[in-house]
Amino acid sequence: MFASSLQCRTGFLTITGSLENNHAQDDEENRDKSTSLPNYVEVYHDEEIFLQNYEEMKNGLKIYIYPHNKNDPFASSLLPVANEPGGNYASEAYFKNVLFTSHFVTSDPLKADLFFLPFSIASLRHDKKVGVGGLKDFVRDYMANVARNYPYWNRTAGADHFYVACHSIGRMAMEKVEYVKSNAIQVVCSSSYFLPNYYTHKDVSLPQIWPRHDELPDLGLSKRKRLAFFAGAMNSPLRKIVHQAWQNDSSIFVHSGRMTTPYSEQLLGSKYCLHVKGFEVNTARIGDSLFYGCVPVVLADHYDLPFMDILNWKSFSVIVTSSDIPNLKRILRSISPKEYSILQANVLKVRKHFQWNKSPRDYDTFYMVMYELWLRRSSIRLVSTV
C-alpha cells in the first residue's frame with residue numbers, strides 16, 4: 001500500500017501522518033479542541049527592522065543606469081517602453097519604466113550604490129535585428145562595451161551591477177557571459193535554486209505579475225465554496241500529475257486549456273488557489289491568487305519565492321512538495337477555519353507587495369525589489385583619485 005509522510009507547514013501548523021493510517025476523524029476532533037493556535041501570525045520576519053531599513057533604502061539608495069539615447073539602433077530594448085506594459089512578462093518592463101523616472105537614479109556614477117544594465121531580454125527576443133538566436137551574442141557584445149568604455153564593472157568584477165529579466169530565455173542569453181551570472185545581481189522571475197548559477201543570497205526573485213488596474217474585488221468569504229482551484233496548460237510533468245490526481249474531484253477543480261467561465265470567478269470562488277510549476281518554477285498565479293484574496297498553495301520545488309528575505313510565506317500561503325500531490329485534499333482540509341481565516345487575512349496584508357503601479361506606491365512591487373537590491377548593495381564604494 002502506498003505510504004507517504006505528510007510534511008506541510010503553514011505558519012502555525014505542522015501536519016504529519018501516513019496514508020496507511022486514517023486519522024481524519026481524530027484530526028477533525030482535535031483541531032476543534034485546540035486552544036494553542038495563535039490569533040495572529042506576523043507576515044514579516046521582523047517588521048520593525050524592515051520598516052526602519054525601508055526608510056533608509058528609500059532615502060539613500062542610488063542607481064546609475066548606463067546611458068543610451070533614442071537614436072541607438074537598440075533603443076527599444078535599452079530604454080523604457082512607451083506603452084503600458086502587459087502580458088506574462090510585464091514585470092521586467094514595469095521595473096525599468098518606473099526606475100528610469102524614480103528618485104533612485106543618479107547621473108553621477110561615483111554616488112551610485114548599484115549599476116543597472118538596462119537591456120531587455122523580453123524586447124530583444126522580438127527584435128528582428130537580434131531575435132532568440134542572437135541574444136547570446138548581443139549580451140556578450142554589450143558587456144564587452146561596458147567593460148571597455150566604463151571603469152565601474154572592472155573595479156568590482158560586476159558585484160555592484162544588476163540586470164532584470166522575467167522570461168526564462170534570459171538564462172540562455174547569458175551563456176557567453178558566465179561571469180555576469182556568477183558576479184552580477186540577477187533580478188529574475190525564473191528563480192530556482194536548483195539551477196546552476198542562480199545564487200539565492202546574491203540574486204533576487206522577481207515576482208511574475210499580470211498587470212491589473214481594476215478596482216479590488218469584493219472578497220467576502222461567503223463566496224468561497226470550492227476548496228481549491230487550478231487552471232493552466234499541461235506543460236510540465238508536475239501539472240500532468242496534478243491533473244491526473246484531481247481532474248474528477250468535486251472540491252478541487254483542476255482545468256486544462258481555456259476556460260469557458262471567467263478566470264476571476266474561479267479565483268474568487270475558491271479558498272485555495274494552486275500555483276503549480278510549468279516550464280519554470282514561476283507563473284503569474286501567485287499574484288493572481290493574492291489579488292483575488294485566495295490563499296496560494298505553492299507546488300514548485302526549489303522555488304526561491306519572491307521577497308523571502310522580508311516576508312514569512314508560511315503566514316499567508318501553504319507550501320507543499322510534489323510528493324504531497326496525492327495528499328493535497330487531506331492537507332488543505334486539515335487546516336481549521338481559524339487557521340484559514342488567519343492565512344486569508346494575511347493574504348490581504350501582503351497583497352500590496354505584489355502589485356505594479358505606473359507611479360510607484362510605498363511597499364508595492366517596485367519598492368520591494370528596490371529593497372532587495374538595497375540589501376545586496378556592496379559595502380565598498382571606490383572614490384575618484386583624480
Side-chain angles (χ1 to χ4, degrees), residues 63 65-66 77-78 81 85 87-99 114-126 130 132 135-136 138-140 142-143 146 158-211 236 275 277-287 298 300-311 313 353-354 356 365-377:
I63 308 291
I65 303 174
Y66 283 103
S77 298
L78 297 169
V81 297
N88 259 330
Y89 311 110
S91 290
E92 181 179 313
Y94 257 111
F95 178 84
K96 182 192 285 190
N97 279 12
V98 176
L99 176 62
L114 296 168
F115 294 77
F116 179 43
L117 303 164
F119 52 78
S120 169
I121 298 297
S123 295
L124 287 167
R125 63 191 284 263
H126 294 298
V130 181
V132 173
L135 276 172
K136 288 183 277 190
F138 177 91
V139 175
R140 179 199 60 199
Y142 183 87
M143 293 309 305
V146 165
D160 53 1
H161 285 57
F162 71 97
Y163 75 91
V164 177
C166 197
H167 198 290
S168 60
I169 205 170
R171 283 202 308 276
M172 182 272 288
M174 299 294 149
E175 286 180 1
K176 292 187 177 181
V177 286
E178 289 290 331
Y179 59 92
V180 175
K181 290 194 290 185
S182 297
N183 298 341
I185 301 167
Q186 303 175 102
V187 183
V188 293
C189 290
S190 301
S191 52
S192 171
Y193 50 81
F194 181 74
L195 297 171
N197 288 323
Y198 177 84
Y199 304 102
T200 305
H201 299 294
K202 174 181 75 71
D203 300 326
V204 175
S205 175
L206 178 68
Q208 183 175 344
I209 299 171
W210 190 277
S236 72
H275 166 98
K277 178 186 181 298
F279 287 121
E280 302 289 341
V281 291
N282 55 292
T283 77
R285 286 171 182 79
I286 287 178
V298 181
D301 296 351
H302 314 300
Y303 188 11
D304 182 28
L305 290 160
F307 314 139
M308 284 193 72
D309 295 322
I310 309 159
L311 300 177
W313 273 80
H353 300 314
F354 294 84
W356 289 108
T365 304
F366 173 73
Y367 277 117
M368 293 293 280
V369 174
M370 294 303 291
Y371 183 82
E372 291 280 19
L373 287 167
W374 180 83
L375 291 175
R376 288 157 173 79
R377 74 200 186 284

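What you see is a predicted model; the values in this text were computed from it and never measured. Along the sequence shown, residues carry numbers from 1.
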TODO: For the residue pair L124 and Y142, establish whether any side-chain heavy-atom pair is separated by less than 4.5 Å.
DONE: no

Open item on the list: With rounding to the nearest 0.5 angstrom, report the CE to CD1 distance, M172 to I121.
Closed with: 8.5 Å

Open item on the list: Checking the side chain of H275 only, and the main-chain atoms of V281 only, is there a donor and an acceptor separated by less than 3.5 Å?
Closed with: yes

Open item on the list: Does any part of the side chain of Y94, heavy atoms only, come nearer than 4.5 Å to the side chain of F366, both counted from C-beta?
Closed with: no

Open item on the list: Working to the nearest 0.5 angstrom, can you tell me the gap between F115 CZ and I63 CD1?
Closed with: 9.5 Å

TODO: For K181, enumerate each residue passing the salt bridge (charged side-chain N to carboxylate O under 4.0 Å, His left out) test, keeping only those at least two apart in sequence or located in another chain.
DONE: E178

- [ ] First locate atom NZ of K176, then atom NZ of K136, and finally report the distance between them rounded to the nearest 0.5 Å.
- [x] 6.0 Å

Task: Non-hydrogen side-chain atoms of E280 and R171 separated by less than 4.5 Å - done: yes

TODO: Enter the distance from I209:CD1 to H353:NE2 here, rounded to the nearest 0.5 Å.
DONE: 11.5 Å

TODO: Kindly indicate whether the side chain of V188, heavy atoms from C-beta on, has any atom under 4.5 Å from the side chain of D203.
DONE: no

- [ ] Applying side chain to side chain contact (heavy atoms under 4.5 Å, CB included), name anything that partners D304, two or more places apart in sequence or on another chain.
- [x] S191, Y193, Y198, T200, S205, M308

Open item on the list: When you compare the side chains of S120 and E92, does any donor N or O come within less than 3.5 Å of an acceptor on the partner?
Closed with: yes

Task: Among W313, Y367, F354, ring pair (Phe, Tyr, Trp, His ring centres under 6.0 Å) partner for F307 - done: F354

TODO: To the nearest 0.5 angstrom, please state how far the CD atom of Q208 sits from the OG1 atom of T365.
DONE: 12.5 Å

- [ ] Would you check if V139 and V180 make a side-chain contact, meaning some heavy-atom pair closer than 4.5 Å?
- [x] no

- [ ] For the residue pair F162 and Q186, establish whether any side-chain heavy-atom pair is separated by less than 4.5 Å.
- [x] no

Open item on the list: Treating S236 as the side-chain partner and K277 as the backbone partner, does any N or O pair qualify as donor plus acceptor under 3.5 Å?
Closed with: yes

Open item on the list: For E372, is there any backbone N or O sitting under 3.5 Å from a side-chain donor or acceptor partner on R376?
Closed with: yes

Task: Heavy-atom closest contact (S91 atom, W356 atom, distance) - done: OG-NE1, 3.0 Å

- [ ] Mind checking salt bridge (charged side-chain N to carboxylate O under 4.0 Å, His left out) for D301 and listing every partner two or more places apart, or none if nothing turns up?
- [x] none

TODO: Please examine the side chains of V164 and F116, heavy atoms only from C-beta on, and report whether any two atoms are closer than 4.5 Å.
DONE: yes

- [ ] Look only at the side chain of K96 and the backbone of S77, and say whether a donor-acceptor pair between them is shorter than 3.5 Å.
- [x] yes

- [ ] For R125 and L135, indicate whether the former's side chain and the latter's backbone hold a donor-acceptor pair under 3.5 Å.
- [x] no

